[in-house]
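These notes concern the structure reproduced below.
In what follows, chains are A, B, ... by sequence order, proteins preceding strands, each numbered from 1.
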2 protein chains.
Amino acid sequence: MNGPKERKTGDPGDAYVVASVERAAQLLLTLAEMPDAGVTDLAEATGTTKSLTFRLLYTLERNGFVRKDAERRTYTLGYRTLVLGDQSRRQSQLIATAEPVLESLVEETRENALLFVREGTKGLCVALRESPQPLRIFASVGRLVPLYAGGATKVLLAYAPDEVQAEVAAGPLERFTPSTPSDSASLSAALERIRSDGYVRSVGEIEPDTCSIAAPVRDQTGGVIAALGVNGPTARMTDAVTDAAALTVMSAAAGLSRALGWRPGPTGMG
Amino acid sequence: MNGPKERKTGDPGDAYVVASVERAAQLLLTLAEMPDAGVTDLAEATGTTKSLTFRLLYTLERNGFVRKDAERRTYTLGYRTLVLGDQSRRQSQLIATAEPVLESLVEETRENALLFVREGTKGLCVALRESPQPLRIFASVGRLVPLYAGGATKVLLAYAPDEVQAEVAAGPLERFTPSTPSDSASLSAALERIRSDGYVRSVGEIEPDTCSIAAPVRDQTGGVIAALGVNGPTARMTDAVTDAAALTVMSAAAGLSRALGWRPGPTGMG
DNA sequence: AACAGCGTTTCAACAGTCGAAACCCGGAGG
DNA sequence: CCTCCGGGTTTCGACTGTTGAAACGCTGTT
């Protein structure tokens, strides 16, 4: 299909990748989004051949990363992925520390509480606690969102390295709703605003009728390593509510940062 | 280490395995047990070369399955593994259904509650809820235990296909404690006992001074797909306590089975 | 009875992978 | 200040494991 052979040119990126492993990784992620898919479907979804998909699945099954269904026609994630996830959660100071914070955020705001980290030019939801209310926004760990839209994601962008900000600003800004930021000038103003306010309120930038409030999470180096936020339907998120939520979220984010070893700097900003 | 090259002989097992993917899988599992390890350590631990390990890590990092530490000298599981684990948990009816059962088991018994599935000739802990008491057995999702020793594991063995039972009985029975079953005759008697009692009590077979009670979990086909159990220090697990716990565990296992679609057969056993 | 669609198997050619060894770099020791 | 040491990174070419295509058999459908 593609031929990324430019080893010596600008991006030495894939000089060391083991293609089969990368394909297997993609296959796993695809399978996570298409439970109970068959070989053919997965082959199509990942853009490879049936044979390869079959062999990758075979290999992954052997290692417990994938499970064949009883009637042997469909595949699902295997129990070993649970193990990885669990160990990962235990080992990650960020996630382990954030979990109780998410819980108390939900208690206080009664809305979904989420934690995002940056992965390249996307934000990845790595932890989440759902609102107890029946009307709530569907969210899931693993959700990938472009950095230029949404609350937590824009926070991540606001504090991301310049290269990343440039890359995002340069790239096309796909529009999900009429409110999605679509020009880099207003985006960069929004980012500046986030840095001075210390939080963000984003309304309907990804999905209409949803609103999110988010604030940065820092580690001992002072760098922003995650964004903590809540989201809910605009119907409930009146100005008064979001103003209160902003304080709650900021204080939760500061608490989390402190638990991660961050100490407020002398000038409050770098 | 080994050289499984017998493609055409008895076991056509690894005819389809993609070696690099298998190695990557092993690497991930190794990393789960050796957080913050470096390239050299991991290479040694997985029995491969530095170059290969480096490239696998590079590839996995690219896909978010591993993360390099700030100073770029150590590796950890990445956030994408969280995603897989989370999706896997949501998608697995067994795990999703078992979680509340584990919770109520802990409430009732005040001991660790665990769920095991069989993976080859080992039992794998796939879900767990810890005892609220300070003195408790250390347990973790991902723990692999041979089927011939321990509570939940022996339950799995008791209902495993004949080939598996034969393989385990044939293989060497490594002794972890003086109580570890060590001859296949008494093991097979113990399994028979489990099948007629519908539960098992295992004392100190893996670790001294620990005791576990477990019972089988069935799905709609009537097959045993998991074992549910509790474990705790023998100091607390007196006969009276374990007798009560046996009933609690059996009823929890039956409830879980029912939730999974199992219906008690006319004769109660097949 | 023929078909369609799926997962599985085979095969040979070739691209990709891999081990070995050189390389770089930071820190410890002389 | 230089050397050494032990990590991680990079290079290289031979070889082998990997791959796409196409055939196969099975199951459920028309």
All side-chain contact (heavy atoms from CB on, under 4.5 Å) counterparts of [X], not counting sequence neighbours:
X: Ser140(A); answer: Phe138(A), Arg90(B)
X: Val18(B); answer: Ser20(A), Arg55(A), Leu56(A), Thr59(A), Ser20(B), Val21(B)
X: Gln93(A); answer: Thr97(A), Leu260(A)
X: Thr81(A); answer: Phe65(A), Leu77(A), Leu84(B), Ser88(B)

Check your understanding: Is the count of non-hydrogen atoms from other residues, nucleotides or ligands lying under 6.0 Å from Glu44(A) atom CD greater than 12?
Key ->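 Check fails, neighbour count at 12 or below.
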Review point. Using a cut-off of 4.0 Å between protein heavy atoms and nucleotide atoms, how would you tag nucleotides 6-12 of chain C 5' to 3' with B, S and -?
Key: SBBBB--
Value in whole Å for how far the [atom2] atom of [N] lies from [atom1] of [X]:
X: Leu57(B); N: dT17(C); atom1: CG; atom2: C1'; answer: 16 Å
X: Leu56(B); N: dG16(C); atom1: CG; atom2: C1'; answer: 13 Å
X: Leu42(B); N: dG7(D); atom1: CG; atom2: P; answer: 13 Å

Point to revise | Inter-residue atom distance Leu115(B).CG - Cys125(B).SG, 0.5 Å rounding | key: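 Those atoms lie 7.5 Å apart.
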All N/O pairs under 3.5 Å across the protein-nucleotides 28-30 of chain D interface:
none

Exercise for review: Sorted by first residue and then second, give each ring pair (Phe, Tyr, Trp, His ring centres under 6.0 Å) pair with at least one member in residues 23-57 of chain A; sequence neighbours left out.
Suggested key: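 For residues 23-57 of chain A: Phe54(A)-Tyr16(B).
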Check your understanding: Do the charged groups of Glu119(B) and Lys122(B) touch, with an N to O distance under 4.0 Å?
Key ->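 Looking at Glu119(B) and Lys122(B), the cut-off is not met.
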Exercise for review: Name all residues meeting the side chain to side chain donor-acceptor pair (under 3.5 Å) criterion together with Thr53(B); count only those two or more places apart in sequence or in a different chain, and write none if there are none.
Suggested key: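 Per chain and number, Thr53(B) pairs via side chain to side chain donor-acceptor pair (under 3.5 Å) with Thr48(B).
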**Study point:** salt bridge (charged side-chain N to carboxylate O under 4.0 Å, His left out) contacts in which one or both residues fall within residues 15-40 of chain B, not counting sequence neighbours
**Key:**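 Every pair satisfying salt bridge (charged side-chain N to carboxylate O under 4.0 Å, His left out) with a residue in residues 15-40 of chain B: Arg62(A)-Glu22(B).
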**Study point:** salt bridge (charged side-chain N to carboxylate O under 4.0 Å, His left out): pairs with one or both residues in residues 156-173 of chain B, sequence neighbours excluded
**Key:**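 Residue pairs passing salt bridge (charged side-chain N to carboxylate O under 4.0 Å, His left out), neighbours aside: none found.
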**Study point:** Test item: Arg143(B) and Leu114(B) side chains (from C-beta on) under 4.5 Å apart, heavy atoms
**Key:**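 Arg143(B) vs Leu114(B): side chains apart.
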Review point. Within 45° of the ring axis of Tyr75(A) and under 6.0 Å from its six-membered ring centre, is that where the NZ or CZ of Arg67(A) lies?
Key: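 Verdict for Tyr75(A): no cation-pi partner in Arg67(A).
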Check your understanding: Looking at DNA chain C, which of residues 19-28 of chain A put a heavy atom within less than 4.0 Å of it?
Key ->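 Hits under 4.0 Å, by residue number: Ala19(A), Ser20(A).
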**Study point:** End axis versus end axis in the helix from dA1(C)-dT30(D) to dG30(C)-dC1(D), the angle rounded to 10°, five pairs used at each terminus
**Key:**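 Terminal axis comparison yields 30°.
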